[in-house]
Amino acid sequence: MPCCRSSCGTEHSSLVQVYLGSNLDRPSVITTHMGLLQTYYTVGGFISAVLLVVVGIDQAYQRFSHKWTNEPPLLPYRIPIIGHALRFTADCLGLFRAAHEYFPGSQAYSLFSFGKRVYVFTHYKDVSIVFRKSKALPFLPLIESLSGLAWDISPDGMRRLSEVDDTGDSIFRNAHVFYRDSLKVGPDLDVLTISFLHYLEKEFDQFEAQKITDYVSLNKWSKTMLGTASTSAMMGPALLRDNPDLLPSVWLVEQGFVLFVNRIPRIFAKKSYRARDHVLSAFTKYFSDEKNKEGSAPMMWEREAELRAKGISTKDIAAYSYAAYAVLLNNANPTACWLLRRIFSRTDLLPRLREEVAPAFASGNSITTLEQVQHLLTSCPLLRAFYDETLRLHSSSVSNRVVVEETTVGGYTLKVGHNVICPSYVQHRLPEYFGNDTDKFEPERFIKPVLEKGTPADPKMVRAFGGGVSLCPGRFFASNEVLSYAASALWRFDMTFKGEMVRIVPRKRE
Ligand code: HEM
């Protein structure tokens with residue numbers, strides 16, 4: 001025992017002494033610890049000093065840089081270097097709201113993200129100038145830099161898409177003109193609209209035949225009805241016939257967009273990447289067989305021929321075409337869903353709305369002809385006002401540009417390499433154009449005078465479709481499809497809401 005006590009005692013005491021720094025037999029250990037501590041203090045002090053300097057410079061930069069450079073002033077942020085990047089990714093609408101409170105009215109300002117400024121313009125006149133200055137502030141470089149990451153286009157595909165030919169054109173460069181011409185008012189749009197109406201009627205008939213009386217998610221229901229009809233009209237019946245489970249993956253890819261373009265590794269976003277693999281593989285199979293062309297909108301396969309002529313692989317053709325298809329779906333869906341919710345929530349206005357659309361349903365339950373669509377576009381002011389008000393209040397669209405030549409907008413200097421955005425959120429809430437209570441859903445503001453000068457709000461001030469060189473070329477089809485969809489639902493169904501859920505039953509008519 002003594003031996004043990006002695007040995008254990010000795011061991012213990014020496015260990016304790018070392019840890020307490022009182023082992024007189026080991027002066028070198030104490031010295032080393034003191035030295036380390038000193039080093040820590042020195043390094044710690046150095047880091048704190050550097051941090052203080054960084055924070056100081058950053059604070060001065062935040063407060064005064066616009067005075068030195070004449071750029072739009074910065075919205076204050078807390079974390080140097082990162083700036084507003086995290087909040088912008090997680091909650092960009094919340095950020096715009098906060099900025100709107102900090103800079104009242106439509107004052108231009110700058111956001112900051114990893115050393116880059118994002119100039120934000122919200123005044124109608126400034127936004128028009130941004131749209132007009134398409135040479136100094138183009139849209140194209142953004143598309144070119146994001147497409148590869150978003151849709152997994154190979155480097156070879158990207159090179160071919162950007163390759164400029166003898167006429168100075170490339171696939172990326174002529175995209176806007178291509179889609180603008182394909183979707184302009186005229187015979188192609190008519191064919192697309194008629195095809196959409198046919199599929200929509202089928203979807204509504206099938207839903208009615210199922211006699212579902214349970215509450216369902218309005219969002220899911222609406223996305224499925226509209227998504228199925230517009231996918232079939234654009235791509236023909238083959239895509240959904242061969243991939244009946246495609247649409248849920250399309251919604252996941254939409255949510256994953258921000259992850260893809262920010263290069264978030266697959267391991268942190270498995271569901272989104274798997275969904276993207278699924279849709280791209282479905283599109284690759286679709287574009288591998290010319291027979292799938294049948295019943296599709298001519299523009300999808302005309303573009304395929306142009307891409308093929310550039311030597312682009314089927315996989316990259318699929319990825320590029322998926323982007324065009326996603327644009328078709330992803331903006332119209334939320335608009336249509338919000339429109340239905342707003343229509344069926346205003347029970348006071350339902351009889352007036354139904355009275356307006358009634359002539360379009362003189363010979364049946366469905367909209368199937370262009371004349372009926374025309375009635376909705378031109379003879380239903382309240383329905384149109386609901387549509388404009390939905391676009392005003394619920395569109396979160398943001399026009400993006402990049403500064404490639406130093407220029408001025410609204411008296412501010414914009415420096416090369418930084419970005420410009422024009423979020424519709426603030427533009428759509430300016431009292432001088434939309435009267436008071438701009439956060440309230442009030443379709444009548446587009447019908448009865450709401451402004452001091454006594455005129456109704458102007459739908460042209462609703463900028464949900466962007467503007468300038470990238471003004472949405474799908475806006476005519478969007479009006480045709482969303483208004484036909486909403487009018488048909490209004491005519492055929494009654495909806496009762498319980499939170500996010502809705503009970504949709506066929507409407508009883510005398
Ligand atoms: C309510 C529905 C829609 C809304 C709110 C909407 C909104 C927008 C916005 C804000 C832009 C960017 C404009 C800019 O940056 O200035 C855009 C671009 C585009 N939209 Fe739409 N859109 C809708 C429906 C559609 C539909 C149905 C299609 C196709 C049939 C479509 C095709 C396109 C295309 C191809 C572009 C890219 C234009 C370019 O590359 O220059 N959109 N859309």
Side-chain angles (χ1 to χ4, degrees), residues 171 174-204 225-240 286 292-307 320-336 339 357 360-361 366-380 383-384 386-388 390-391 395 397 459-460 462-489:
I171 292 286
N174 70 25
H176 182 79
V177 172
F178 177 86
Y179 291 113
R180 187 198 61 198
D181 290 350
S182 308
L183 290 162
K184 68 180 181 215
V185 175
D188 280 357
L189 179 69
D190 291 349
V191 171
L192 182 62
T193 303
I194 293 284
S195 174
F196 166 79
L197 295 173
H198 157 75
Y199 286 111
L200 182 66
E201 181 184 32
K202 214 167 120 193
E203 281 307 294
F204 279 170
M225 294 287 135
L226 194 75
T228 307
S230 49
T231 301
S232 306
M234 193 59 86
M235 311 301 293
L239 186 67
L240 288 182
Y286 171 85
N292 293 333
K293 194 179 193 171
E294 211 179 304
S296 66
M299 68 180 215
M300 289 319 288
W301 283 82
E302 276 168 16
R303 199 60 167 161
E304 186 265 357
E306 289 181 10
L307 298 167
Y320 178 88
S321 307
Y322 180 78
Y325 160 80
V327 174
L328 150 80
L329 238 65
N330 294 341
N331 281 320
N333 265 323
T335 308
L339 181 56
V357 302
F361 295 95
S366 305
I367 308 249
T368 52
T369 67
L370 295 172
E371 290 70 33
Q372 288 169 290
V373 176
Q374 208 51 33
H375 175 81
L376 303 179
L377 291 173
T378 55
S379 308
C380 298
L383 181 67
R384 291 253 13 177
F386 263 80
Y387 180 51
D388 290 330
T390 301
L391 287 170
S395 143
S397 61
K460 280 204 285 303
V462 177
R463 285 284 177 94
F465 293 108
V469 284
S470 56
L471 173 66
C472 173
R475 62 198 183 283
F476 304 112
F477 180 63
S479 310
N480 290 357
E481 68 166 331
V482 175
L483 287 175
S484 308
Y485 172 73
S488 303

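Along the sequence shown, residues are numbered consecutively beginning with 1.
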* Asked: Mind checking whether F465 and L391 have side chains closer than 4.5 Å, heavy atoms only?
  -> yes
* What are the two closest heavy atoms between G227 and L329, and how far apart are they? -> O-CD1, 4.4 Å
* Between Y199 and T228, does any side-chain donor sit less than 3.5 Å from a side-chain acceptor? -> no
* Structure fact -> For A360 and L376 the tightest heavy-atom approach is CB-CD2, 4.3 Å
* Structure fact -> Here the gap from L197 atom CG to S484 atom OG, rounded to the nearest 0.5 Å, amounts to 5.0 Å
* Which distance, rounded to the nearest 0.5 Å, do you find between the CG of D388 and the NZ of K460? -> 11.0 Å
* Asked: Looking only at heavy atoms, what is the nearest atom pair of D188 and S182, with distance?
  -> CB-O, 3.7 Å
* Structure fact -> d(C472 SG, R180 CZ) to nearest 0.5 Å is 13.0 Å
* Asked: How about V482 and T390: do any of their side-chain heavy atoms sit closer than 4.5 Å?
  -> no
* Please round to the nearest 0.5 Å and tell me the distance separating atom CD of E203 and atom OG of S232. => 7.0 Å
* Asked: Are side-chain heavy atoms of F476 and L183 found at a separation under 4.5 Å?
  -> no
* Asked: So do the side chains of I171 and F178 get within less than 4.5 Å of each other, counting heavy atoms only?
  -> no
* Find out whether L307 and S321 are in side-chain contact, i.e. whether some heavy atom of one side chain is under 4.5 Å from a heavy atom of the other. => yes
* Decide yes or no for L189 and N480: does some side-chain heavy atom of the first lie under 4.5 Å from some side-chain heavy atom of the second? => yes
* **Nearest-0.5 Å distance that lies between atom CZ in R463 and atom CG in L471** => 9.0 Å
* Asked: Under the side chain to side chain contact (heavy atoms under 4.5 Å, CB included) criterion, do R384 and L377 qualify, and how do the steps go?
  -> CA-CA 7 Å; R384 291 253 13 177; L377 291 173; 3.5 Å; yes
* Asked: So, the side chain of Q372 versus the backbone of S366: is there a donor-acceptor pair under 3.5 Å, distance only?
  -> yes
* To do: Identify the heavy atoms of M225 and Y485 that sit nearest to each other, and give their distance.
  => CB-CE1, 3.9 Å
* Asked: Please walk me through it: do M234 and M299 pass side chain to side chain contact (heavy atoms under 4.5 Å, CB included)?
  -> CA-CA 9 Å; M234 193 59 86; M299 68 180 215; 3.7 Å; yes
* Asked: Can you name the side chain to side chain donor-acceptor pair (under 3.5 Å) partners of T335, sequence neighbours left out?
  -> none
* Would you find a donor on one side and an acceptor on the other, under 3.5 Å apart, between the side chain of S195 and the backbone of V191? -> no
* To do: Check for a donor-acceptor pair, side chain of N292 on one end and backbone N or O of A238 on the other, with a separation under 3.5 Å.
  => no
* Distance in Å, L226 CG paired with L339 CG, rounded so as to fall on 0.5 Å steps -> 10.5 Å
* If you take all heavy atoms of L383 and A487, which pair is closest and at what distance? -> CD2-CB, 4.2 Å
* To do: May I ask you to test the C380-H375 pair for a side-chain heavy-atom distance under 4.5 Å?
  => yes
* Is there a donor-acceptor pair closer than 3.5 Å between any side-chain N or O of Y286 and the backbone N or O of M235? -> yes
* To do: Check S397 against A464 and note the closest heavy-atom contact, atom names and distance.
  => OG-O, 3.0 Å
